[in-house]
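Below is one structure; the comments refer to it alone.
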Amino acid sequence: MLDIKLFRTDPEAVKTAVARRGDDTSAVDRVVELDSRLRTVGTERDNIRSEINGLSKQVGQLHRDGKGDEAAELQTRSKELGEREKLLSEEAEVLQDKVRHELLYIANMPADDAPDGLTEDDNVVVRVENLQDEYADHQKVPHWEVGEELGILDVDRAVKMSGSMFAMYRGAGAHLLSALITYGLDRNRDAFEQVRPPTVVKTDTMIGTGHLPKFEDDAYHLERDDLWAIPTAEVPLTSLVAGEVLDAAALPMRLMAHTSCYRREAGSAGRDTRGLLRVHEFDKVELYSFCTPEQAPDMHREILERAENAIRDLGLAHRVLDLACGDISGAGARTYDIEVFAPGADRWLEVSSVSWCTTYQARRANIRFRREGEKGTDFVHSLNGSGLAVPRVWAGIVETYRQADGSVRIPEVLQPYMGGLTEIPAPS
RNA sequence: GGAGACGUGGCCGAGCCAGGUUGAAGGCGCUUCCCUGCUAAGGAAGUAACGUCGUAAGGCGUUCGUGGGUUCAAAUCCCACCGUCUCCGCCA
């Protein structure tokens, strides 16, 4: 969430930021109004508490001195104050909850240099690499057809057991999947600590990243135990140090995780339902970092570079987009997407989203750091990026590398991860 | 799932049974200063976070796992929950 102080000192700046996303600015006014009332009530409450504390001390002293009569008098007064205090406390609590509720729904402020615009059409194409002018006919077969033909993707049976928008990989297809995961992890092992977090988490953990309360409909909820299936490893990784104060020396912290990711895709029913374009459960290697504000810009570049290099080395046509304000997810201030061109599906597939979340998540999850030799603490910056969103990369490979004879060649960098396999042969 | 023990500051650890000058003894660690050729040892002082008011100094408030309750007053009493450990049960 945003810093409440900003609403006091410069509400117009907050409104401008909210407007750049195309969100409703009236929430800003509500926060300012509620916060002002909260402080009035809070101050009065604190004054009364102070008085009660003073009286209580006197009562204790009087009892020790054996002056019970005088004590009784003060107790009565204190009790009266207590009733007033209770009312004010309740009022303050209600206001506090309202402010927090409003703040939880307000998205992060886009970075100043994030492109203007409210829709994905406003995204700025930073670069396009490796795109061919013309793709061969044998590449223009969508991966769901290739997958079925080669027996490596079994969507029908996945649907039989789990419903639409689930997938099942088989044989060399499953092997390709695990190869991609290991490839994605190994490339970043030089600097990133691998984590295998829980993939089912508590409500607070989901709030920390900004996935709740606003996007409740998009997540799977296990009601019996009040747990949520994570939509991305970003969720548990953010919570890894929730509530902690880190040493500046420990920053930047680099983490990576491979997990399954679960998404209800409530708003996308009937869209992109073919093959692996959009599935409820998928594998992803996530890159993650906590760092100081000073380190953040370099870290943003680093994660983007690592994610893009992984795609580039697979030989896939791809482009990098600088997302327009309105297309940046709630927690992000600046986001670059990497999209792979899938010649069979004939479309760009988002395979990575690299976001700089400034202090937005740190405030929600209460993650701070201490600067060497300085008093007090600051909130860390958090950044995340998909190192490799497996199904869509899988799709890009299967379509791009399909040969004229119907076989699929394995990109060279992946061959060591597939026991030297060079191609998935066409059925005889 | 059942039984028991426990959860205190950066760490260790007292306080809880007998509620009150306890934001919390003592120790360790850390910072500054003194002493010292250097280091070690020794001496002195300091050493939480957050909120709020204030230009500041500082004031006030909150925090002893979390949330409620009792009381003039809660680390201390009561209730619920969470977590840790031990034993039993179940189990990949």
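Every chain is numbered from 1, with letters handed out A, B, ... down the list of sequences.
Under the Watson-Crick or G-U wobble criterion, with both distances below 3.5 Å, B:C77 is paired with B:G69.
The shortest distance between side-chain heavy atoms of A:D313 and A:Y183 falls below 4.5 Å. Looking at heavy atoms from C-beta onward, A:R8 lies in side-chain contact with A:D35 at the 4.5 angstrom threshold.
Ring to ring, A:Y169 and A:W394 are close: their centroids are under 6.0 angstrom apart.
Of the P atoms belonging to B:G46 and B:U39, the separation is 25 Å, rounded to the nearest Å. Comparing the P positions of B:A41 and B:U31 gives a spacing of 13 Å, expressed to the nearest Å. On the C1' atoms, B:G10 is 38 Å away from B:C88, given to the nearest whole Å.
Of all the residues in residues 61-71 of chain A, A:H63, A:R64 reach under 4.0 Å from RNA chain B with at least one non-hydrogen atom. Against RNA chain B, the stretch residues 43-58 of chain A makes heavy-atom approaches under 4.0 Å through A:T43, A:D46, A:R49, A:S50, A:N53, A:S56.
Using a 30° and 60° split on the angle between ring planes, A:F290 and A:Y288 fall in the perpendicular class, above 60°. Classified by interplanar angle (parallel below 30°, tilted 30° to 60°, perpendicular above 60°), the ring pair A:H221/A:W228 is parallel.
You can see that RNA chain B meets the heavy atoms of chain A within a 4.0 Å-exclusive cut from B:G20 to B:A73, reading 5' to 3'.
Looking at A:R392, its side chain does come within 3.5 Å of a backbone N or O of A:L277 through a donor-acceptor pair.
Residue-level contact check: A:T76 touches neither bases nor backbone, having no heavy atom under 4.0 Å from any strand.
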